[in-house]
Amino acid sequence: MPSASSLKVLVVGSGGREHVLVKSALASPLVREVIAAPGNGGMEMDCRCAPVSVEDVPGMVALAQKEGVNFVVVGPEVPLSLGLVDALEKVGISAYGPLAAGARLEASKIFTKRLLLKHRIPTALAAEFDQLQPALDYLQTSAMPIVIKADGLAAGKGVVVAMDLAEAEAAVRSMLGEKVFGASGSQVLIEECLMGEETSIHLVVSGRDYVVLPTSQDHKRVGEGDTGPNTGGMGAYSPAELVDDALMARIDREICRPSVDAIAAEGIDFRGTLYIGIMVTRDGPKVLEFNTRFGDPETQVLLPRLETDPVALMHAAATRRLGEIQLKVKPGYATCVVLASRGYPGSYPKGEVVTLPSSYGPEEFLFHAGTKRDEVGRVLTHGGRVFGATALGSTLAEATRRAYAVADRVQFASSYLRRDIGAKQLRRDSAH
Ligand SMILES: Nc1ncnc2c1ncn2[C@@H]1O[C@H](COP(=O)(O)OP(=O)(O)O)[C@@H](O)[C@H]1O
Ligand SMILES: [Mg+2]
């Protein structure tokens with residue numbers, strides 16, 4: 001354990017996820033000071049923010065050195081895959097998040113698919129293509145629906161679940177022919193379409209040690225009743241009852257343990273978050289994908305539920321002492337409702353003045369995502385997802401009611417939110 005107040009922490013990123021990380025670091029007894037880069041309007045109210053882009057690896061390392069930072073927490077996937085953690089460790093600064101070799105598990109779906117198949121971890125069967133014609137030929141003999149995936153990072157837009165041959169061909173043509181994702185789509189996976197309920201599990205990993213974080217459920221579609229286009233996420237709650245103890249034990253046995261072992265066996269020194277997307281099929285749980293950082297909005301419900309200091313957890317993982325950590329989770333529930341700008345995930349207005357609540361209850365939080373502050377300190381909208389209104393409660397109904405109460409006290413002209421976050425599970429609960 002680092003001694004009390006010995007850490008100066010730099011949080012890298014500018015979304016809701018990073019605002020939670022800043023607030024967790026400020027609350028940690030291990031932490032002396034917190035800075036962030038590039039930050040957002042809310043992070044600026046909580047700590048100093050430096051205008052360094054997440055893609056500027058040398059700039060971020062220079063910032064950490066100049067500031068005397070001794071622990072960096074990296075939020076998004078892009079700096080991880082660009083080798084930010086490698087560069088920090090080279091100058092002796094510990095960081096939470098995988099080295100570039102580990103970040104490949106998210107940055108290349110083909111790399112991960114090969115690893116999963118080689119180690120016999122349950123996943124959809126898939127074929128790899130880098131040429132258009134062979135891919136089109138393969139589709140001719142394939143059953144529909146079928147899934148087309150760009151290999152590389154595509155900001156959540158690189159996967160098409162094609163219902164028929166025409167849609168599948170169009171997806172393959174746009175990726176391998178028109179190169180709409182550039183190099184990220186110059187190779188594709190064509191994979192079997194799995195049927196079932198989707199869930200995800202967050203692990204904090206350090207070599208062969210790992211800790212399973214509470215379950216959570218996100219809401220990807222922009223519209224109520226899970227309609228409309230996919231987004232970064234419109235809300236989340238935790239725990240998710242879909243994953244009961246028996247299913248969790250099976251996921252742990254068939255997916256988590258074998259995945260962590262396979263990653264280590266491949267010589268990857270993985271220290272960071274492994275966020276596993278899973279389809280629970282009739283034949284059991286199967287891996288859809290790995291992400292190598294915390295989900296957003298999931299982090300906004302996961303971290304507030306931890307009794308264990310999130311900084312102690314992440315620092316232990318980064319410094320190979322995760323075995324010392326006994327994770328403690330608060331009883332009860334958390335719900336996060338995302339306030340977006342109307343039009344998101346398409347185009348939306350920016351620069352609208354926001355009225356914030358004047359006070360918060362002890363179990364209520366307003367995390368900023370796409371916000372900035374103007375010269376006179378007013379908060380302006382600056383992104384598609386603007387805030388995450390999160391609350392804890394002893395029941396899901398209570399947490400959800402409180403989260404909406406926070407959300408309804410935030411005002412800006414184009415504010416949009418889904419009114420049905422948590423509704424499916426609440427309906428299931430009341431049916432019992
Ligand atoms: N093999 C599959 N079968 C059915 N649906 C899939 C499959 N792979 C992906 N999906 C769907 O597409 C979504 C996005 O795919 P995913 O692999 O998670 O990539 P990304 O999050 O990078 O876009 C998943 O959340 C899931 O709904
Ligand atoms: Mg995904």
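When a ligand or atom number is given, it counts from 1 through the structure's own listing order.
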As an exercise, identify every atom of ligand 1 less than 4.0 angstrom from a heavy atom of Ala124. 1 (N)

Considering only the protein, which heavy-atom contact is closest to atom 7 (C) of ligand 1, and what is its distance? Leu288 CD2, 3.5 Å

Sub-3.5 Å N/O-N/O distance, Leu194 and ligand 1: yes

Which residue owns the protein heavy atom closest to atom 24 (C) of ligand 1, what's the atom, and how far is it? Glu198 OE2, 3.3 Å

Where the closest heavy atom to atom 5 (N) of ligand 1 is concerned, which of Lys286, Met279, Lys157 has it? Met279

Would you find more than 12 non-hydrogen atoms of other residues, nucleotides or ligands less than 6.0 Å from Lys424 atom NZ? no

Do any nitrogen or oxygen atoms of Glu192 lie less than 3.5 angstrom from nitrogen or oxygen atoms of ligand 1? yes

What protein heavy atom is closest to atom 11 (C) of ligand 1, reported as residue, atom name and distance in Å? Val161 CG2, 3.9 Å

Name, closest N/O/S atom of Glu289 to the Mg ion (ligand 2): OE2

Students should be able to answer this: which protein heavy-atom is nearest to atom 21 (O) of ligand 1, and at what distance? Glu289 OE2, 3.1 Å

Nearest non-hydrogen protein atom, atom 2 (C) of ligand 1: Val147 CG2, 3.5 Å

Under 4.0 Å from a heavy atom of Lys149: give me the atoms of ligand 1 that qualify, with their elements. 8 (N), 9 (C), 17 (O)

With Lys113, the salt bridge (Lys or Arg N to Asp or Glu O under 4.0 Å) member among Glu289, Glu128, Glu191: Glu191

At what distance is the nearest protein heavy atom to atom 12 (O) of ligand 1, and which residue and atom is it? Val159 CG1, 3.5 Å

What atoms of ligand 1 come within less than 4.0 Å of a heavy atom belonging to Glu191? 1 (N), 2 (C), 7 (C), 8 (N)

For atom 22 (O) of ligand 1, what is the nearest protein heavy atom, given as residue, atom name and distance? Lys109 NZ, 2.8 Å

